[in-house]
Protein chains: 2
Amino acid sequence: MNARATVISVAARLLDESATGDVSTRAVCEAAGIQQPVLYRLFGDKEGLLSSTVDHIWDQYLESKRQAEKSADPVVDLRSGWDSHTAFALTHPNAYKLMFAPGLRTVPQAVEEAIRILRDVLNRLAAEGRLRVPPQPATQMVMAANTGIALALVTRPTLYPDQGVSTLVRDAIHRAILVEAPGAESGGSAVRDARTSAVTTLRASLGELTPEPFTPVEAALLDQWLTQIPHSGEPEPGE
Amino acid sequence: MNARATVISVAARLLDESATGDVSTRAVCEAAGIQQPVLYRLFGDKEGLLSSTVDHIWDQYLESKRQAEKSADPVVDLRSGWDSHTAFALTHPNAYKLMFAPGLRTVPQAVEEAIRILRDVLNRLAAEGRLRVPPQPATQMVMAANTGIALALVTRPTLYPDQGVSTLVRDAIHRAILVEAPGAESGGSAVRDARTSAVTTLRASLGELTPEPFTPVEAALLDQWLTQIPHSGEPEPGE
DNA sequence: CGTTCATGTAATCGACGATAACAGCATCGG
DNA sequence: CCGATGCTGTTATCGTCGATTACATGAACG
């Protein structure tokens, strides 16, 4: 095995296992059985090492996902691309922080590759006339929003305990850049939207009613019942 | 002037002027005319210093913006809040990175305050029946997307040369969480109107939920409670 | 055989976060 | 007035880290 490859592999392992999110060049050298000058001759500086390591982790992850690529419907690819992005962040949080958080002056190739993949999907959508926004701003919108939610999930897990937010933001962004889908989903979901909105309105009001019409116990029970309403399914129309 | 305050002020200046985005405790001490042990007795460690510094910069910025707060329309506040967030990131990039990029183990108070401000606006919107999503996930969606686009603008200015992307993402997210049409701005009774409308919607839905989440007795009690809500008074009479 | 160049090693530099140890000095109870 | 207490300031130092210098080794080549 190439010396450079083994160093990268060792660095990737240490990075994934790191609790603080960073790795010292000394630790990499000791674990790889090399001396520091060797590392610096191979990668120039620490940033070169980390950049190569991130690229390696990214390539590995992409390889494991490459089977599910290029479906017939580019909208499906757009969605799965978002979800893969988020999943990568959750699987390799330290590598992800290095990719998208400040710290590395040079943009890792993995970032450019992620942008390229997204841009390709959006170009396919544009060719089919399904983009409401030019591909370039659309790429920036999707990329920035996706990294935002992924970084939030990774760096502030207590503030963002539910990773379903990723789906919500995803659909919000996608609805904004895509023209209306072939099948109008607005039939059954409009009812549910109205219902959810009504529940939200009332729950926000419960604490502000004067004079309070409910005892605390009643209010708590009412609040609990209200939360159950939106989750009741509508008889899904044909799909 | 308080010694602690001068140190924070000096640290804020050095942070804003820093090219690399971080400041050494030694530089702060030298510029403030104190010794390192003093700094460590004041702030515990470097993270304490940076956290306090970030809070200071945030408070200063918020003070300069506080005049434009609390407009009549919470939708306007939501939009201006997003734009202020992005503007703060562009004005104080280093402080912003410290707030929302990994690095600080402790979440600065400025972050929690930003979340609280956003949550308050969303709660006002929910009380008026203009939220399609509960306030909590809405807060997370807006916050994560906003930090995503702001971090992108700040850390990768070459990849995101046009800050108009912030507006595009903003409107995309806001369209996803707000109900259509500001509609009738009928003044003070908007809240009660929204509440009555919500009650009507839910009472009409109660018989159509499948599977039925409530027993007949529960449904009857819930229905009765719902009818009591619109007859309650206004939350805060004076404003 | 001597030159050249790549590879490996020991030792070290400078910056940094953090702390120990000590000195000055004020306050306060006795 | 005095000693104890506690805060403030200073010097010196520790350990870690990124990065480099200087030197040794060995193979390739003319």
Side-chain angles (χ1 to χ4, degrees), chain A residues 1-57 94-95 97-99 101-108, chain B residues 1-56 94-95 97-99 101-108 155:
Chain A
M1 202 180 194
N2 187 3
R4 185 184 161 95
T6 70
V7 173
I8 289 180
S9 170
V10 165
R13 183 173 55 82
L14 290 183
L15 182 63
D16 275 341
E17 294 170 354
S18 165
T20 60
D22 68 335
V23 188
S24 70
T25 61
R26 286 178 148 86
V28 172
C29 289
E30 186 177 4
I34 63 172
Q35 243 65 22
Q36 279 195 289
V38 177
L39 186 146
Y40 280 86
R41 276 200 278 260
L42 284 174
F43 300 97
D45 57 358
K46 184 181 184 178
E47 183 161 326
L49 166 68
L50 291 181
S51 195
S52 301
T53 304
V54 162
D55 290 345
H56 171 71
I57 297 178
N94 292 335
K97 292 180 207 167
L98 284 178
M99 281 179 67
L104 297 201
R105 279 181 300 278
T106 310
V107 179
Chain B
M1 201 181 195
N2 188 4
R4 184 185 161 95
T6 70
V7 173
I8 288 179
S9 171
V10 165
R13 183 173 54 81
L14 289 183
L15 182 64
D16 274 341
E17 296 170 353
S18 164
T20 60
D22 68 336
V23 188
S24 70
T25 61
R26 285 177 149 86
V28 172
C29 289
E30 185 177 4
I34 64 172
Q35 244 64 22
Q36 278 195 289
V38 178
L39 186 146
Y40 280 87
R41 275 200 278 264
L42 284 174
F43 302 97
D45 57 359
K46 182 180 185 180
E47 182 161 327
L49 166 68
L50 291 181
S51 194
S52 301
T53 304
V54 162
D55 289 344
H56 171 71
N94 292 334
K97 290 180 207 168
L98 283 179
M99 281 179 67
L104 298 201
R105 278 181 299 279
T106 310
V107 179
T155 66

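Small disclaimer: the values here were computed from a predicted structure and weren't measured. Order of the sequence lines fixes the chain letters, A, B, ..., with proteins taken first and strands second; residue numbering starts at 1 for each chain.
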A.B. asks: Let me see the working for T53(A) and I57(A) under side-chain contact (heavy atoms from CB on, under 4.5 Å), right down to the final yes or no.
C.D. replies: CA-CA 6 Å; T53(A) 304; I57(A) 297 178; 4.3 Å; yes
A.B. asks: When you measure from the side chain of R41(B), which nucleotide among dT8(D), dG18(D), dT13(D) comes out closest?
C.D. replies: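 Nearest to the side chain of R41(B) among the choices is dT8(D).
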A.B. asks: To the nearest Å, how far apart are L49(B) CG and dC16(C) P?
C.D. replies: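 Roughly 14 Å, once rounded to whole Å.
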A.B. asks: Kindly state which residues belonging to residues 28-36 of chain A come within less than 4.0 angstrom of DNA chain C, counting heavy atoms of the residue only, listed by number.
C.D. replies: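 Within residues 28-36 of chain A, the residues near DNA chain C are Q35(A).
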A.B. asks: Under the side-chain contact (heavy atoms from CB on, under 4.5 Å) criterion, do I8(B) and F43(B) qualify, and how do the steps go?
C.D. replies: CA-CA 10 Å; I8(B) 288 179; F43(B) 302 97; 3.7 Å; yes
A.B. asks: Taking the basic N atoms (NZ, or NE/NH1/NH2) and the acidic carboxylate oxygens, is any pair closer than 4.0 Å for R26(A) and E30(A)?
C.D. replies: no
A.B. asks: Any side-chain to backbone donor/acceptor pair from D45(A) onto Y40(A)? Under 3.5 Å, distance only.
C.D. replies: no
A.B. asks: Is the shortest side-chain heavy-atom distance between V38(B) and V7(B) below 4.5 Å?
C.D. replies: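 Heavy-atom side-chain distance check fails, nothing below 4.5 Å.
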A.B. asks: dG17(C) phosphate, OP1 or OP2: any side-chain N/O from T25(B) under 4.0 angstrom?
C.D. replies: yes
A.B. asks: Rounded to whole angstrom units, what separation is found between the NZ atom of K46(B) and the P atom of dT16(D)?
C.D. replies: 18 Å
A.B. asks: Using whole Å, report how far CG of L42(B) lies from P of dT19(C).
C.D. replies: 14 Å
A.B. asks: Which nucleotide wins on minimum distance to the side chain of V38(B), given the candidates dG9(D), dA20(C), dT9(C)?
C.D. replies: dG9(D)
A.B. asks: Let me know the distance between CG of D22(A) and C1' of dC17(D), rounded to the nearest Å.
C.D. replies: 10 Å
A.B. asks: Between the main-chain N or O of G48(A) and the side-chain N or O of S52(A), is there a donor-acceptor pair closer than 3.5 Å?
C.D. replies: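 At least one qualifying donor-acceptor pair exists.
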A.B. asks: I'd like to know if the side chain of E47(A) reaches the main chain of R105(A), judged simply by a donor and an acceptor atom lying under 3.5 Å from each other, with no hydrogens or angles considered.
C.D. replies: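 Yes, E47(A) side chain to R105(A) backbone: donor-acceptor pair under 3.5 Å.
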A.B. asks: Output the rounded distance in Å from CZ (F43(A)) to P (dA19(D)).
C.D. replies: 13 Å
A.B. asks: Please report the distance, rounded to the nearest Å, between CD in E47(A) and P in dC17(D).
C.D. replies: 19 Å
A.B. asks: Please report, rounded to the nearest Å, how far the P atom of dT19(C) is from the CZ atom of R26(B).
C.D. replies: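 So the CZ-P distance, R26(B) to dT19(C), works out to 13 Å.
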A.B. asks: Find the distance D45(B):CG to dA18(C):C1' and express it as a whole number of Å.
C.D. replies: 9 Å
